[in-house]
There are 2 protein chains.
Amino acid sequence: DGIMSTWPKVGKFDAGSVANTFNAEIRAVVDSLVASGRGAPTLVGFLANEDPAAEVYARMTKRACEKNGVAFELRRPSRLKLEDAVIEANKDPKVHGILTYYPVFGELNDAYLRDVVSFEKDVEGLNHRYRYALYHNIRTIEGDKKCCLPCTPLACIKVLEALGAYDQSKPVGKQLTGRTAVVYNRSEVVGRPLAAMLANDGAVVYSIDEHGMLLYKAGAVPGTIKVEETTVETSSVTREADIVVSGVPVKSFTIPAAGMKAGAIAINVSQHMNFGDGVEERCAFVPAVGRVTIAMLNRNLIRLHANFAVTPASAATSAQAHWQPSRSHCITAAASVAVAITAATLIALVRRR
Amino acid sequence: DGIMSTWPKVGKFDAGSVANTFNAEIRAVVDSLVASGRGAPTLVGFLANEDPAAEVYARMTKRACEKNGVAFELRRPSRLKLEDAVIEANKDPKVHGILTYYPVFGELNDAYLRDVVSFEKDVEGLNHRYRYALYHNIRTIEGDKKCCLPCTPLACIKVLEALGAYDQSKPVGKQLTGRTAVVYNRSEVVGRPLAAMLANDGAVVYSIDEHGMLLYKAGAVPGTIKVEETTVETSSVTREADIVVSGVPVKSFTIPAAGMKAGAIAINVSQHMNFGDGVEERCAFVPAVGRVTIAMLNRNLIRLHANFAVTPASAATSAQAHWQPSRSHCITAAASVAVAITAATLIALVRRR
């Protein structure tokens, strides 16, 4: 019925192999950075809550970084010292990436904290500047520096590509044309960026949250997206969707297997299982993307290191500069020096989305 | 029992007279701007929801602006056109202030929208840059330009000053020393900035939201604040507080009059009445601060106009500059010219907090 030969078969898929592919690429870049004398990038993780899930995520990050040759340092400030600790790391030229394990205070205060992280070190790609760029099809900042993309949505895209959901015979930006996706979650962290990215790639996307549904599509101008109101029913779009990604942070929320189209792709990005029993017998089912998310954090780290890492000569100047959020790019423009990157593999990695 | 003679008596207080005082000052500034040929500032309000409360608020804004000689234009884009409409207004040198009536999509997407508003036009004072400045005791941006403060918290401070809660015999920053305040709400829009401002003025502040309580105090270094964990009970701190401000957006939430200290000040900033019957017989009770909030919007507008309004000569350049959030200050620094302000009353108004 028109499903391409690359479309995945029904069954359960472990995203770990997708993560492994990216981690191997990242390892090669880090090795070349070390060989060239620039040194391995450093990622600092801040764990300031007592959430056991965050502990697990921090251990997973540590393991992936070790595998990739990236220096990872876990810091455990109290939540009330977290903001100052992030600001310190923003200013520290030896730190190339910053990651905070949320939730800390709650949604709105945490949203504030996300924007305290300098965009020069924001491996999560969740700074307002990066989200604004994504929603407005701005691909670079400060001239030709590639933007970071939000990690969990990017992980979903990479999993979909690896599963064969993208039609490689079509041009980039059209490889999901004809596909319908449903995304349960429209937060600024997961669902809204993901809807924008899927629409950018040609899909018709129904974006659902507790307030209702919106429709995301490719715009008339290539690279733009169009968002529309819609009155269709959740259950009917879910039943017809080729791709369903669910990130509802509620234990009792379930999309029953019978509510999915046979042969569709189902990706769970919630800490709870959002899909009902038997979904792997009806769909190509990915129960979690966490390891790919961490690979994307590492990938963003490499990009930020290439974009913003200061050479030893300019580090002293940069460290002394008075840091303020949203101003640091001005300071950097003045203080940093052009960085020569020779490793072809690095260039290839950072050039790709 | 140590209560100063300026402390208000028990009863119900209409904040309208406080608003009138500020509106008269603003009118004088606007008149002097018009007389000097610079023209009246323009405020654009965006109404993109179907909330009757927002309609009322928009009408109140219009009335206050007319009274103050400020040009007010209400625009009604669909919610899906709102972001583009705000970006247009950001770029338009004829617009000096932007105000959006929330909620539009929901808390997190609305938080994103707040940061799409250029800080050069953010009369609400809710841009990340202004909140960061407030929490870190940074009073100016781009050299000597005074920051805007969030309007509703600022309105509470002005109401407290007008009621006589501030001890004018003490130096600025100490005028609430010895006072205890409780703030129900720790959102980035109302409660957290208010807790910071009250602590800046010397009060011990218990800040409460659905996740728990935090304690805000003046720090050891003047102008800094200190935030601490606390295990005290909500009902006991409320019973002992000199000042209780409540902004809980839940209809069923009530602080009973008997739960307040006799002679305390009670200020309601929720759209629902958070205080129980009889509170005006036990406390100095302010049922709403909306008109003062609107006066503060106007006051911020005057400040932004003084800080950022372009002269006719530079307007053309500025309008053509490619606008991006968080970059506009760089562009402005290059494109705008120094603005000579002669009206003494304007200088006096913008110099004050």
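Chain A is the first sequence line, chain B the second, and so forth, proteins listed ahead of strands; every chain is numbered from 1.
- If you take CG on Leu80(B) and NZ on Lys226(A), they are separated by 9.0 Å, rounding to the nearest 0.5 Å.
- One finds the CD atom of Glu188(B) at 9.5 Å from the CG atom of Asp110(A) (value rounded to the nearest 0.5 Å).
- Note on Glu83(B) versus Arg192(A): salt bridge recorded, some NZ/NE/NH1/NH2 to OD/OE distance being below 4.0 Å.
- Residues Tyr132(A) and Ile87(B) have side chains in contact (heavy-atom distance under 4.5 Å, counting atoms from C-beta outward).
- Between atom CG of residue Asp84(B) and atom NE2 of residue His136(A) there is a gap of 6.5 Å, rounded to the nearest 0.5 Å.
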Could you please spell out the steps behind the ring pair (Phe, Tyr, Trp, His ring centres under 6.0 Å) verdict for Tyr112(B) and His128(A)?
CA-CA 7 Å; Tyr112(B) 165 84; His128(A) 189 271; 4.8 Å; yes
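- At a 4.5 Å heavy-atom cutoff, the contact between Arg186(A) and chain B is made by backbone and side-chain atoms alike.
- Residues Phe105(B) and Leu214(A) form a side-chain contact, since some pair of their non-hydrogen atoms from C-beta on lies under 4.5 Å apart.
- Within the 4.5 Å cutoff, no side-chain heavy atoms of Leu108(B) are placed close to those of Val189(A).
- Annotation: maximal heavy-atom pairing with chain B below 4.5 Å, among Glu107(A), Glu210(A), Arg131(A), occurs at Glu107(A).
- Around atom CD of Glu228(A), more than 12 heavy atoms belonging to other residues, nucleotides or ligands sit under 6.0 Å away.
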